[in-house]
Every structure is written in C-alpha cells, then in structure tokens.
Amino acid sequence: MSDRIIVITCREGIVLSLVTCLALYVLAGSCGAAENGIFSGGRDHWQDGPVDYTVEPVLSGPWTAYVKKDGNIWLASLEHGARPALKPAGQLPRVLYPELVFKDGHGPTLGWLERSAGQMRACMSCPMKDRTVRIVSQSRSLRRFYFTLGADETIAAWITSGEGITLHLLPPSWSDPVTIDFTPKGFNDWTAIAPLTIGRTNYLFFVGIRENRREIAVLDGVSQHILQAVPGVSFLRALDVAGQPAVLYKTSRDRHFVLEGLLKKTGGQWTRFTIPQARALDVARIDAHAWPDNGRILVVYSGAPEGEMRGKGQRIYAAVSDNFGKTWSVKRLDRAPDNTRSWLPRLAVLGDRVAAVWEDGRDIRSRVRLAFSPDRGRTWSPGEVAVSAVDSIAFRPRIQAYNNKFYIAWHQFRDDARRDADIHLARISWDEGMRLASEPVKQIPPEEKRRALETRVRAYWQAMLNGDHQTTYALHDPFFRARMNFESYVSRRGSMRYLEYEIREMKIRGNTAYVKVRIRYEVPRIRILGRDRSIPATETIIEDTYLYLDDTWFRKYIDPMSGGSAVN
Amino acid sequence: MFIFGFNARTVNADTLLFPVIAVNPPNVTTIVSVVTRPGIPVSATHLKYIYRYKDTYVGSTPNHGGACSSQSFVRPTYSGDLVSFDASGSLGAGDALFSDTDSYGSGGFALGGSGPQRAYLLVTHADSTGSPVNVSNGQSLNGEAIVMDIAYGAAWGYRAINDSTREDYTFLSTGDGGGVWSCLPSNGYTNRRVTFFSPDEWTTRFFVTPIGSNMDTADLSATVQFMTSSGIYDRIGTKMTTATSTTKDVVCTGAVDLSELMDASMYANIEHMGGWTWFSVNPGTAVVYKLEYVVDDSTYGGTNNNAYLLSTYDLP
C-alpha cells in the first residue's frame with residue numbers, strides 16, 4: 001500500500017500549490033462571500049449550476065457539496081454562500097463520490113476521490129477560515145470514499161481500493177492522523193462497503209466473496225466476523241442502534257427480494273431480523289435512524305412489486321421497530337397513484353421529529369416531496385409538502401437536520417429538454433413544514449379531468465384529420481417539444497392522411513391516461529426504397545398515452561418502433 | 001446414407017429464419033426480401049412462409065411470455081427469383097413490392113391481424129402443397145429485412161439466418177460455422193458484453209427470439225438476464241452487485257427493456273449515467289438484437305433508432 005498523508009496548512013485567502021496531489025490544480029482555501037450562487041426563492045432557497053447531475057449532492061448540517069459541470073467540487077450553505085474546493089490550473093480531475101461531514105465549531109470537511117491521467121487519489125479539504133487542508137494520496141485503483149464521525153469528533157475517512165481498505169482517523173486538531181488497515185481477510189473480493197463509527201470503535205461491514213460464496217462480514221479493527229451467507233446483496237446500510245452496531249441490507253430468499261438486518265446484541269452475539277412487509281418488494285433505496293435511548297429503529301424505503309419496469313410502482317414506506325428488529329409496523333407515506341414512481345427516500349431527525357424526503361413522479365415531472373412525523377415515525381403528517389416547483393424536473397434529494405431546521409438539497413433540470421441541471425438547496429422549519437403538510441391539496445374533480453381529456457383527444461385527432469400540424473405539435477408532451485422543434489416535427493409527418501377517428505376507450509390513472517382510438521387512414525403516395533407506393537384506406541386501433549401536467553392533458557409522444565419517448 | 005456430402009436425414013429443404021418481424025400500424029412495417037438462388041431443382045416450385053406471431057402487448061405490458069399463433073401460406077418461386085413484401089400489409093396490400101411483375105397468386109405475403117405484433121418468419125422450399133422439397137443445397141435461400149417507421153423514416157435492418165447444417169425448421173447453436181453462429185450461448189461463449197446509455201434519455205431494448213427444434217410449431221422459450229454475479233459497471237468504473245439476477249422469460253419472441261433486467265436499486269444507480277455488463281441467455285438459446293433509441297436530440301445528431309445483432313465475441 002502506498003498511502004501517503006500530506007498535511008498542508010491553508011490560511012484564508014492564501015492559495016497553496018500542493019506537490020503531490022495537486023499536480024494539475026491548486027486548492028483554494030478562501031472563505032469569502034457567496035460566489036456564482038443565484039438566490040431565487042428568498043432566504044430559504046438557493047440554487048447554483050449547472051452541475052454534474054450524475055453525482056448526487058451530499059449534505060451535512062446546513063452544508064451541501066456538489067460537483068459542477070466544469071468538474072469543480074463546490075461547498076455551499078444558505079448561511080455562508082458557495083465556494084469551490086478546487087481552483088483549476090489546467091484540466092480539472094474527475095471528482096467522484098464526494099462526502100461531507102460537519103460539526104459545530106469545526107466547520108465542514110469535504111472528501112472525494114478524483115481521477116486524473118489514469119491516477120486516482122483521495123482528497124480531503126476543510127476550506128473554512130483558518131483551517132488546515134489534508135490530502136491523502138494513493139496511486140493505485142481506488143473504489144469508494146466514505147466519512148464517518150466518532151463521538152470525540154474524530155473524522156474517520158474510509159478509502160477502499162482493489163487492494164485493500166484503509167481507515168484514516170483525523171482528530172479535531174487535524175494533527176497526527178492515524179492510518180489503520182481494514183482490509184478483509186480471506187476473501188477474493190469485497191463489495192457493498194458500509195462503515196460505521198460508534199464512540200471510538202470503528203466497524204466495517206462488507207460483502208465478501210470467496211469460493212463463489214457471498215458473505216456479509218464485519219471488521220471492528222480487532223477481529224473479523226462472518227455474519228451471514230447471502231446469495232447477493234444490492235446495498236448495505238450500517239446503523240448505530242443504541243450503541244450497538246447493526247447493518248440493514250437487501251438480499252434475496254427463495255428467489256424473492258427481502259430486507260434483512262443484523263444486530264450485535266450486548267452479549268456480543270449477532271442476531272438477524274427481517275422486515276416481513278418488505279418481502280417480494282423490489283426496494284430501490286433505504287435510509288434509517290435509531291434513537292439512542294430505547295433502540296427504536298425507523299427505516300424509510302421505496303419499493304415496488306417485483307417485476308415492475310423502470311422503477312414504476314415504487315412507493316414510500318416507513319417501518320418502525322421498538323424491539324430491536326423483532327417485529328415491525330409499516331406505513332405508506334406517499335399518497336401518489338400506484339402507476340407513478342415515488343422513490344429514493346432519505347430521512348432526517350430532530351429529536352423525536354422526523355422528516356422524510358423523496359423523488360415523487362405523480363405530477364409527471366418528478367418533484368421533491370416531504371412528509372413529517374412528530375413522534376419517531378409513529379404517526380405522519382396528513383399531507384406532503386412539495387419542496388420543488390411543479391414546472392421543473394427535480395430528482396435525487398438529500399435531507400439533513402440542523403439547528404431546528406431541515407435542509408434539503410436536490411438536482412433540478414433547467415427545462416424539459418433535460419440537458420442542464422442545477423443544485424437547489426432549501427431550508428424549512430418544523431412549524432412551517434407541518435403547516436404546509438396540513439394544507440388541503442387542490443384536487444380536480446375526476447369528471448372534469450375526464451372531460452378535459454376527451455376534449456384534448458378530440459382536438460388532437462380532429463387536427464390530424466385536418467392536417468393541422470401546428471395544433472398536433474402543440475398537443476404533444478412538452479418533453480418531446482423541448483427536444484424536437486416544430487419544423488423538424490412537420491418535416492417528419494410524411495404523407496399519411498387520416499380520414500376518421502373514434503374514441504373507443506379512456507382510462508385515467510392519476511395524471512396518466514390510456515386512450516384507445518380507432519382510426520382510418522391512407523397514404524396516397526409514399527416513396528419506399530426509391531419507388532412510389534400507396535396505402536389504401538385502412539383501419540386500425542391505436543393506444544395513446546396522455547399526460548396531465550401544466551393543468552391540461554398532452555399526448556405523450558411514443559416512438560412506434562422502439563417504444564421510447566422523451567420522458568419515462 | 002449420404003447425398004452430396006450431406007446427411008439425407010436432415011436435408012429436407014433450405015430454410016430461412018427472419019428472427020424479428022415488427023408490425024405496428026400505421027407507422028411500423030417490416031419489409032422482407034427473399035432470394036431463391038439459381039440452380040434449385042424444378043420440383044421446388046414454391047416457398048412456404050410461416051409466421052409465428054403474437055400481440056406486442058398484453059394490456060399495456062410487454063408480452064414476453066405469451067405463446068405464438070401460426071399463419072402460413074405457400075407462394076410460387078423460381079430459380080433466381082427475388083420477392084420483397086411488407087409483412088404488415090400496409091404497403092402494396094402485402095403483395096410483392098417494387099413493380100414485381102411475377103405472379104405470386106392471391107393473398108399476398110402479409111402477416112395480417114391488427115394492432116402491434118411481433119413475429120418471426122420461416123421461409124422454406126416447398127411444392128405447391130407446402131410440403132418441403134429437398135434442394136440439396138444448404139444455402140439456396142437468402143434474405144434481408146428492414147424494420148422501418150414509414151411516417152418518420154427511421155429504419156434498421158438485418159440478414160436472415162440460414163442454418164446450413166440443418167435444412168428443416170430446427171435452428172441450433174453450433175460452432176462449426178454452418179449453424180447459428182451468433183446466437184446466445186454459442187461457440188463456448190455464454191454471454192456478451194453490452195453497453196447501455198443512460199436510460200432516462202435512451203431506450204435500450206433487446207429483441208429476443210428463442211431458437212431450437214421445430215420452430216414452425218413450437219413455442220420455444222429462453223431466459224435472458226444480465227450476469228449480475230459478475231456485476232454491472234457504471235460509466236466511472238464502479239462495480240455494482242445486486243441481491244439476485246433479474247430474469248425475463250421470453251416465449252416465442254419478445255422485446256425486453258433494459259430496465260427489466262436489473263433491480264430497482266441498480267436502476268437508480270445507473271439511471272443518469274449508463275454503464276455496461278454481460279448479457280446472457282440461460283436456459284435456452286436465442287438470437288438477440290440490441291436496439292437503441294433516442295428522441296430528437298442535437299447532441300446525437302437527431303433521432304436515433306438503431307439495432308444490431310449481439311454477435312459472437314469480436315465477430316461481425
């Protein structure tokens with residue numbers, strides 16, 4: 001292992017040239033006012049971008065870290081503004097897996113992996129005020145980077161590579177860092193790493209592979225314990241349950257997905273538990289919290305019946321256990337129709353108060369929604385709060401609790417063409433959140449929605465009969481129109497003539513409708529492979545999909561060859 | 001008994017397999033061309049066409065597991081004949097296209113039916129009653145097909161399969177060069193590496209047609225999956241594993257979306273990035289095409305609608 005730790009002091013306003021890690025850039029440690037941020041929603045909302053939206057934002061306390069499209073990694077908060085962590089001197093490295101940890105009195109510490117010229121490095125930065133900057137450099141192939149925080153505010157930086165796993169312990173003084181080898185023993189490979197720090201003890205859960213077997217195991221710095229054989233694991237989530245280490249994971253039993261957990265009991269034995277209500281659910285992601293006084297565990301997860309496509313049918317659930325995982329009660333949090341996608345939840349906790357945030361597709365354009373529980377997940381707010389705007393596609397939210405407020409960060413496309421996205425950061429108090437969650441939701445009467453659908457379907461097909469491309473274009477979904485301009489649309493209409501239409505069936509599910517139409521059409525002249533052909537008057541039944549957004553229905557453009565469209 | 005070096009038991013008639021026929025009126029047609037090579041015996045006066053077809057959807061769900069129905073007919077041919085037709089029946093009412101003055105009798109060549117349908121097509125030498133005729137040549141037929149959207153102009157094509165080691169309705173994976181070389185699994189290769197673009201922007205779909213014995217009547221099945229035990233990699237080289245492989249059983253023929261082959265957590269990881277993995281068929285044997293589509297996007301030079309055969313490693 002060729003790890004090196006380089007400790008460089010960076011005073012405010014001074015830019016240092018770092019020898020080893022920073023061959024291609026210098027790191028700016030200045031702590032000035034906000035740069036490049038666009039305040040657009042008052043003091044409680046902020047945005048910046050465009051960002052590299054393949055890298056999810058990370059949050060700790062009031063701070064968020066994100067990677068901009070130019071490759072730089074940024075640190076921002078509503079209270080302190082935004083600043084880049086790297087200052088380019090040439091081409092920026094590719095930043096991967098940013099991590100962020102914040103503690104009052106110490107400011108935020110940023111960590112990430114970076115790839116440049118075939119080399120990978122792990123870097124850490126504390127760019128606030130008169131702080132130090134520390135870089136851990138490693139020349140071999142790195143995989144992931146994680147932070148955990150010890151009770152004495154020691155930062156634990158976990159760096160995994162194909163060769164091994166190292167833990168770098170950095171005390172609050174940022175002096176005398178300690179490196180500990182956490183490489184699993186006796187395994188050919190390891191995946192799904194989940195580190196955990198409880199007090200001064202560090203745990204590393206992992207899925208080890210040996211002799212074609214997969215086993216969940218844990219290292220605690222002293223010994224390695226094999227905990228559970230599994231056919232495979234989609235993810236691990238480590239958890240401190242009243243001072244005892246635990247890990248939640250998704251695996252399969254009898255060819256069905258299950259959510260299970262392993263908990264170390266006070267006697268030192270490990271016990272396995274299952275959330276039975278999650279059996280046969282295809283869970284996309286979980287988040288979890290355990291209260292230290294009584295070991296109550298709250299797990300939020302999104303799941304869909306096995307076999308659903310594209311994550312459709314994902315719903316948000318909250319599972320709670322008061323007996324260390326022996327039994328669970330589960331509530332569904334989202335109130336979206338089942339044919340939509342509500343998924344990827346995260347939660348934040350303020351004492352007994354809980355907020356869960358997720359990506360919610362009920363309005364066609366996915367939005368960030370919040371639900372609140374005043375009592376550790378026992379009961380939940382009667383409604384949900386939409387944090388992001390209805391006219392933008394928002395995705396991959398994160399949430400943190402700090403100073404009696406919830407901070408939410410997410411990515412949001414600038415328009416329906418979905419090319420550029422910004423980072424958005426919002427701050428909401430408990431009282432404000434509960435007030436908004438109690439407000440009645442505007443509902444359109446089903447008959448009104450159905451009448452509106454029929455009007456739009458008739459408008460579309462009458463325009464098709466009339467050859468009125470302007471109207472048919474305008475009736476297509478905005479995602480399609482954002483990609484294909486009117487001129488391109490018209491040029492592709494071909495010579496098909498529609499003679500008759502008849503609506504046969506309309507089914508509405510939430511904001512999506514399925515409409516069967518009988519049409520009669522002809523093609524007087526079409527040139528195929530250099531020859532003129534024609535298609536005589538012919539009848540067929542087609543099924544269209546309509547989407548309700550922007551207070552009306554639009555025909556979803558679906559490519560007839562591939563089934564693809566401009567929006568999933 | 002051997003005749004001209006072939007095993008007489010298997011030399012019945014030369015047969016073509018068109019593994020993908022897609023019909024979705026009024027837009028999507030499949031134009032099929034069949035060539036009868038010069039020198040065939042005079043007794044092979046006809047070609048027998050056998051469509052094995054089914055609805056593309058059941059409700060709004062892709063119809064992977066449904067059995068196929070058969071539609072067959074016999075049409076004249078002759079030494080050196082070329083005939084092209086639209087399997088959907090839209091163009092030229094399903095009759096021979098492109099000013100073909102040959103007389104093929106009434107009824108045309110179309111699949112018939114209504115609504116979106118998927119099929120494969122078998123074409124074999126026959127007499128006027130449809131009985132196979134031994135032409136003593138394993139490659140006396142060849143064919144090509146174009147799947148096209150006649151409203152928007154998108155198209156992709158492929159060559160028909162001609163299994164020269166068997167001259168009946170059985171198509172087997174063999175590694176001797178005369179069988180179905182680029183099916184899955186074949187030639188000792190059980191899988192193919194495949195890439196996929198970010199699925200929130202691109203549609204990636206696998207057209208799967210199981211092959212094997214008696215394809216004129218049998219509803220063959222194959223199970224397709226990504227080899228998640230080997231991992232799925234994202235665009236930045238991260239290996240991701242999953243709880244279990246997500247498999248799809250395809251009966252007769254079908255089109256499986258990328259998102260159907262991974263669990264929700266994996267899909268969430270690659271949704272905005274894409275990645276690569278290994279595609280495999282087990283159990284069963286299948287011919288597989290990968291289709292990629294993106295709606296008009298100047299980043300990619302407009303709308304793209306492309307498909308290609310998941311061929312044997314490093315071979316076209």
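Bear in mind that the values here come from a model prediction, so they are computed numbers and not experimental data. Proteins come first, then strands; the chains are lettered A, B, ... in the order of their sequence lines, and each starts at number 1.
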Find the distance between CZ (Arg341(A)) and OH (Tyr267(B)) and round it off to the nearest 0.5 Å. 6.0 Å

Identify the heavy atoms of Asp200(B) and Arg418(A) that sit nearest to each other, and give their distance. O-NH1, 2.9 Å

The interface call for Asp86(B) against chain A, heavy-atom contacts under 4.5 Å, is neither

With the side chain counted from C-beta on, respond yes when Asp559(A) and Asn305(B) share a heavy-atom pair under 4.5 Å apart, and no when they do not. yes

Select one option (side chain, backbone, both, neither) describing which atoms of Tyr249(A) are under 4.5 Å from chain B's heavy atoms. neither

Any donor and acceptor pair, going by atom type alone, linking the side chain of Ser234(A) with main-chain N or O of Ala243(B) inside 3.5 Å? yes

Does the pair His272(B) and Phe395(A) meet the rule for a side-chain contact (heavy atoms from CB on, under 4.5 Å), with working shown? CA-CA 11 Å; His272(B) 296 298; Phe395(A) 53 105; 3.4 Å; yes

Heavy-atom closest pair (Gly115(B) atom, Thr540(A) atom, distance to 0.1 Å) is N-OG1, 4.0 Å

Look at the side chain of Asn24(B) and the backbone N and O of Pro560(A), then say whether any donor-acceptor pair between them is shorter than 3.5 Å. yes

Of all of Ala155(B), Gly237(B), Ala268(B), which one pairs up most often with chain A through heavy atoms under 4.5 Å apart? Ala268(B)

May I ask you to check whether over 12 heavy atoms, not counting those of Arg497(A), lie within 6.0 Å of atom CZ? no

From CA spacing to verdict: salt bridge (Lys or Arg N to Asp or Glu O under 4.0 Å), Arg285(A), Glu271(B): CA-CA 14 Å; Arg285(A) 188 172 286 175; Glu271(B) 185 180 30; over 6 Å; no

Do Val294(B) and Arg483(A) touch side chain to side chain, with heavy atoms closer than 4.5 Å? yes

Would you call Pro26(B) and Met496(A) a side-chain contact if the rule is heavy atoms closer than 4.5 Å? yes

Could you check Ser265(B) against Trp343(A) for side-chain contact (heavy atoms from CB on, under 4.5 Å), going step by step and ending with a plain yes or no? CA-CA 10 Å; Ser265(B) 53; Trp343(A) 71 335; over 6 Å; no

Would you mind reporting whether Tyr97(A) and Ile236(B) have side-chain heavy atoms less than 4.5 Å apart? yes

Please report the closest heavy-atom contact between Val233(A) and Thr241(B), naming both atoms and the distance. O-OG1, 3.0 Å

Output the option from Asn27(B), Asp149(B), Asp263(B) having the highest count of non-hydrogen pairs under 4.5 Å with chain A. Asp263(B)

Can you tell if the side chain of Asp189(A) reaches within under 4.5 Å of the side chain of Lys239(B), non-hydrogen atoms only? yes

Any heavy-atom pair between the side chains of Thr203(B) and Ser565(A) that's under 4.5 Å? no

Structural part of Ser90(B) lying under 4.5 Å from a heavy atom of chain A: both

Output the option from Ala93(B), Ala22(B), Ser99(B) having the highest count of non-hydrogen pairs under 4.5 Å with chain A. Ser99(B)

Using every non-hydrogen atom in the two residues, find where Ala264(B) and Lys250(A) come nearest and quote the distance to one decimal. N-NZ, 4.2 Å

Taking Thr244(B) for the side chain and Ser252(A) for the main chain, is one N or O donor matched with an acceptor at less than 3.5 Å? no

Surrounding CG of Asn188(A) (heavy atoms of other residues, nucleotides or ligands, distance under 6.0 Å), is the total greater than 12? yes

If I measure from the heavy atoms of chain B, does Phe479(A) come under 4.5 Å with its side chain, its backbone, both, or neither? neither

Pairwise side-chain contact, Arg255(A) with Thr247(B), heavy-atom cut-off 4.5 Å (strictly under): yes

Among the listed options Asp282(A), Ile542(A), Thr538(A), Thr545(A), the residue most often paired with chain B at heavy-atom distances under 4.5 Å: Asp282(A)

